[in-house]
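Chain A is the first sequence line, chain B the second, and so forth, proteins listed ahead of strands; every chain is numbered from 1. Source: prediction; values computed, not measured.
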Amino acid sequence: MSRYDFSAVEKKWQKYWDEHKSFEAVNDYSKPKFYALVEFPYPSGHGMHVGHIKAYSGLEVVSRKRRMQGYNVLFPIGFDAYGLPTENTAIKENIHPRIVTDRNIEKFTNQLKTVGFSFDWSRVVDTTEEDYYKWTQWIFLKMFENGLVFRDKTSVNYCPSCKVVLSNEDSQGGKCDICHSDIVQKTKEVWYLRITEYADKLLQGLEEVDYLPNVKLQQQNWIGKSTGAFVEFAVKENGEKLRIYTTRPDTLYGVTFMVMAPEHPMIEKYRDGIANIAELDAYKAECAKKSEFERTQLVKDKTGVRIDGLTAVNPITGKEIPIYISDYVMMGYGTGAIMAVPAHDQRDYEFAKKFGIDIIEVIKGGDISVEAYTGDGEMVNSGELDGISNKKEAIEKMLGLLAAKGCGEKGVQYKMKDWAFNRQRYWGEPIPIVHCPHCGMVAVPYEELPLRLPKVENFEPGTDGESPLAKIDEYVNCKCPKCGCDAKRETDTMPQWAGSSWYFLRYCDPNNDSEFASQEALKYWMPVDWYNGGMEHVTRHMIYSRFWHKFLYDLGLVPTSEPYAKRTAQGLILGPDGEKMSKSRGNVIDPNDVVDEYGADVLRLYVLFMGDYEKAAPWSESSIKGCKRFLDRVWGLRDMLVDGDEYSDELRSQFHKTIKKVTEDIEAMKFNTAIAAMMTLINDIYSVGRINKAELGAFCTMLNPFAPHITEEMYSETFGSILSEQSWITYDEALCKDETIEIVVQVNGKLKAKLNIAVDADKDSVIAMALDDEKVRESVEGKNIVKQIYVPNKLVNIVAK
RNA sequence: GCCGCCGUGGCGGAAUAGGCAGACGCAUGGGACUUAAAAUCCCACGAUAGCGAUAUCGUACCGGUUCAAGUCCGGUCGGCGGCACCA
């Protein structure tokens, strides 16, 4: 048997597919379409990771199969190329980020091609190219026009090492997402996108899409909707209203104090009337020093200071209650102030214990001398609410009382915050806004887009956190597009997430220079039928892009309210040591090495065979040999080839069964069991000792999506035609069944015998056969048969006592 | 703390909808071929007892439902992920 030269064969077919544009989607809008999307890579200098291979191999298999099934498949790829690592390389090596980006994209392109992915290479998108980011800016301006862009001075997450302001999403755990330094708090005026305006739509949209359940759940948690009430407490000294948000209006009789966030504006407003203002200022200063992370992460003693000079009045009871400031209340959620009910909230309970404040039980069921009771029960000490259930009844009644007094109403809150939309770095989309001393913020006119990144010598950010663009006078100084007077250009750039928020739209019509994509193309291709990616992008990229898409939908610019009909996620590939791959651990597997040693087909097969696609699995150097052996055995089929246009009797039902299994498993992303079924089939073929042409053709076809190179080679050698242009093979449900079937005979649930019976044999004859079996007879001897259970084609269970 | 997911051989993992636990692959042991090695092929491979046919136990642990539980229900322990002083 001639040895399989994977290297030559793989190159040969990659060249063929490239030259024949084999996998380009066609603009024939009458064909059924299938739009499969994978997360486009950030082209880092390290090249591809085996994780990319696994992430792309899933929909690669589905796409190749769907093409053979007659779909017009759009399976595009591109590069999400703006970002800090590229800029940092540029600074370090003193070359322009454009050059670094082009270099990295070339490297990624070559790597993707050596794996044989069937991407549509005619639609490649690069977010840093002018004809792409022109439209990113265009959409931003549409948002600006529609009031979704604003500037606000707030405490921001700032990375002193990257010299950049980060969103909450990019600074989770108090560490910079890029360089892992500690984040500090800085007050800065920054850009925001009003994503909270879409909170409810983003939540409701989840009901109409087919996402993995935990993907939906994570997005729901991220949006974090809660329902409750806004209540106004009068402040005795100045007649002001202190507005709070609570999810527990039923507990209003149990309020014994109020807490404001240290930054609450009422303190500044009435500082003259506060006797202990110096003490409050000291506490505020102490809080400001702590990062958001320290403030929230540490499980620590409650601290706070009572405001001497402001007293709240409970709108229902008329009782006067003290007001405190404490850092356990955040300015960024609700109204920045709470009503505290120590009997029924653990945080309030701890605070009250420490400060010696009354704890009044208003719901029966717990022991408030030990801890707060947060469960449900009957109302007590609550006037007109006494005796009813705290749940719906008391809440409804209280809302009625508040409404009657005009000091409260139902309310909804979201945990999701507005999207901090800026970077003070060079390598990003320039924000197309001009600051005019007369007109304020003015949009750059649409016809002047793209607003190009200027050429710069030095990409280093300023030490003050200013963008490098701020140092370029000819960029900064401009005329106001509205009034023509001297004005200054905005120098912040957009965050990394901007370009990926609409790339799936551009793939539909990537070369359009008059629109971001034509309506015709969008109507045909959208929504994305199947989007696969990593769990790490579920709450950031996915929510951001759903937001942009819903915005465009509201403007009538895209045809669907949701961008992605279906979302799945692949599990991580861990290092051979079972730990997450990282350079510092030295357990990184380079896909190039695997391709060189075993070939692309083996790599593709292995990443799908190694375990459940959606779960993490460790890389194993020895397991990959199993895939190599399998393909060697596939190649060996050439030596046992005989004539025949139909499946042989020995293998017919095996083939039908395997085709059915593979066809179904691919759609269910159960690639590991699909491969296992083909391994079983090849074991069967080897024990028969021969394979005919019809069988070889069918085998190559079902293996083709997984291992396209070897199967193209074998197919063209045998049939003289191109496998990827053939139709997917079908199976006959009737032929998947054998004529006789083995069933299990149990006595009292224990396996005693196996019988070969005709398929769908009737109960009585099967049970008679079972009872006739020698071992079964032994087991039931001297006992009464109380029950006989027959599960057709599966088992017989005889219950005897 | 809250929410969600998961615990199956030496290992990765299979097991429609409760119906033969361990498919498929790896590793290991034995054998064949070979001067030898690699490669390949054949056999064995959950545990315990037994020469053996076989028996008993076995899907983290305890209990329940059922003719029948890896699968369903209640509880415990362990691991992973998300959110986190969210009022």
- Item | A:Lys794 vs B:G19: side-chain N/O to OP1/OP2 distance below 4.0 Å | no
Side-chain donor-acceptor contacts of residues 741-749 of chain A below 3.5 Å, not counting sequence neighbours, with atom names and distances?
unit_1, atom_1, unit_2, atom_2, d
A:Asn748, OD1, A:Ala800, N, 2.9
A:Asn748, ND2, A:Ala800, O, 3.2

- Note on the structure: Of the listed B:A87, B:C20, B:G19, the closest approach to the A:Lys754 side chain comes from B:C20
- Scan A:Asp612 against the nucleic acid and name what it touches under 4.0 Å (heavy atoms): base, sugar-phosphate only, or nothing. sugar-phosphate
- State plainly whether the residues A:Glu614 and A:Arg567 are in salt-bridge range, i.e. N to O under 4.0 Å. no
- Item | Interatomic distance at C1', B:G81 relative to B:A44, whole Å | 41 Å
- Note on the structure: Each base of RNA chain B marked ( ) or [ ] if paired in-strand (Watson-Crick or G-U under 3.5 Å), | if paired to another strand and . if unpaired gives (((((((..(((......[....))).(((((.......))))).((((....))))..(((((..]....))))))))))))....
- Message: Please give the distance between the C1' atoms of B:A68 and B:A15 as a whole number of Å.
- Response: 16 Å
- Given the C1' atoms of B:C20 and B:G12, what is the spacing between them in whole Å? 24 Å
- Going by number, which of residues 662-673 of chain A have a non-hydrogen atom under 4.0 Å from RNA chain B? A:Lys670, A:Asn672, A:Thr673
- Does A:Asp612 have any salt bridge (Lys or Arg N to Asp or Glu O under 4.0 Å) partners at least two apart in sequence or in another chain, and if so, which? A:Lys615
- Note on the structure: The glycosidic conformation of B:G9, counting syn as within 90° of 0 and anti otherwise, is syn
- Note on the structure: Rounded to whole Å, the CG-C1' distance (A:Asn793 to B:G19) equals 12 Å
- Item | P spacing across the pair B:A39 / B:G52, given as an integer number of angstrom | 32 Å
- Note on the structure: Separation of B:A87 atom P from A:Asp345 atom CG, nearest Å, is 9 Å
- Residue whose closest nucleotide on RNA chain B lies nearer the 5' end, A:Ser226 versus A:Asn214: A:Asn214
- Item | Nearest to side-chain heavy atoms of A:Thr246, which nucleotide of B:G12, B:A87, B:A68 | B:A87
- Message: Rounded to whole Å, how long is the line connecting atom CG of A:Asp577 with atom P of B:G12?
- Response: 13 Å
- Message: If the test is ring pair (Phe, Tyr, Trp, His ring centres under 6.0 Å), which one of A:Tyr192, A:Trp497, A:Tyr198, A:Tyr544 qualifies with A:Trp419?
- Response: A:Tyr544
- Item | Nearest-Å distance once atom P is located in both B:C72 and B:A17 | 11 Å
- Message: Taking any heavy-atom pair under 4.0 Å as a contact, classify A:Val799: base, sugar-phosphate, or nothing.
- Response: sugar-phosphate
- Between A:Phe630 and A:Phe609, does the ring centroid distance fall short of 6.0 Å? no
- Query: Cation over ring, A:Lys415 on A:Tyr333, under 6.0 Å and within 45°?
  - Reply: no
- A:Asp250 CG to B:A87 P: how many Å, rounded? 13 Å
- Query: Quick one: do A:Glu350 and A:Lys354 make a salt bridge, cutoff under 4.0 Å?
  - Reply: no
- Given the P atoms of B:G9 and B:U59, what is the spacing between them in whole Å? 9 Å
- Return the value, rounded to whole Å, for the distance between atom CD of A:Glu621 and atom P of B:G12. 17 Å
- Message: Regarding B:C83, can its base be found pairing with the side chain of A:Asn221 as donor and acceptor, where the two atoms are less than 3.5 Å apart?
- Response: no
- Distance in angstrom units between A:Leu795 CG and B:A15 P, rounded: 20 Å
- Task: Quote, to the nearest angstrom, the C1' distance that separates B:G46 from B:C73.
- Result: 28 Å
- Respond yes when some side-chain nitrogen or oxygen of A:Tyr245 is under 4.0 Å from OP1 or OP2 of B:A87, and no when none is. no
- Message: For B:C6, does the base pair up with any side-chain atom of A:Lys615 as donor and acceptor (N or O, under 3.5 Å, distance only)?
- Response: no
- What nucleotide, of B:A23, B:C85, B:A87, holds the atom closest to the side chain of A:Lys302? B:C85
- Taking the side chain as C-beta and beyond, is there a heavy-atom pair between A:Met339 and A:Thr251 under 4.5 Å? yes
Pairs under 3.5 angstrom, nitrogen or oxygen only, protein versus nucleotides 25-32 of chain B, please.
unit_1, atom_1, unit_2, atom_2, d
B:G25, OP1, A:Asn683, ND2, 3.2
B:C26, OP1, A:Arg629, NH1, 2.5
B:C26, O2', A:Ser622, OG, 2.9

- Of the listed B:C3, B:G12, B:C20, the closest approach to the A:Ala617 side chain comes from B:G12
- Which part of the nucleic acid, if any, lies within reach of A:Gln746 when heavy atoms closer than 4.0 Å are counted: base, sugar-phosphate only, or nothing? base
- Assert: residue with more 5' nearest nucleotide on RNA chain B, out of A:Ile675 and A:Lys750, is A:Ile675
- A:Asp327 has an atom CG; how far is it from atom C1' of B:C85, in whole Å? 9 Å
- Measure from the ring center of A:Tyr606 to the ring center of A:Tyr598 and say whether it is less than 6.0 Å. no
- Task: Could you tell me whether A:Ala616 contacts a base, only the sugar-phosphate backbone, or nothing, with contacts defined as non-hydrogen atoms closer than 4.0 Å?
- Result: sugar-phosphate
- Can you figure out which of B:A55, B:C20, B:G82 approaches the side chain of A:Gln218 most closely? B:G82
- Task: Would you kindly give the CE-to-P distance between A:Met416 and B:A84, to the nearest whole Å?
- Result: 13 Å
- Query: In chain order, what residues pass the salt bridge (Lys or Arg N to Asp or Glu O under 4.0 Å) check against A:Lys225, with sequence neighbours excluded?
  - Reply: A:Asp200
- Strictly by modelled atom types, are A:Tyr253 and A:Asn314 linked by a side-chain donor-acceptor pair under 3.5 Å? no
- Compute whether any side-chain donor of one residue and acceptor of the other, for A:His541 and A:Glu39, lie under 3.5 angstrom apart. no
- Give the ring-plane orientation class for A:Phe230 versus A:Tyr245, where under 30° counts as parallel, over 60° as perpendicular and anything between as tilted. tilted
- Message: Under a 3.5 Å distance rule, please check whether A:Arg243 uses its side chain to pair with a backbone N or O of A:Glu232 as donor and acceptor.
- Response: no
- Task: Describe, in one word, how the ring planes of A:Phe351 and A:Tyr324 are oriented to each other, choosing from parallel (under 30°), tilted (30 to 60°) and perpendicular (over 60°).
- Result: perpendicular
- Task: Sticking with atom P, work out how far B:A21 lies from B:U35, rounded to a whole angstrom.
- Result: 47 Å
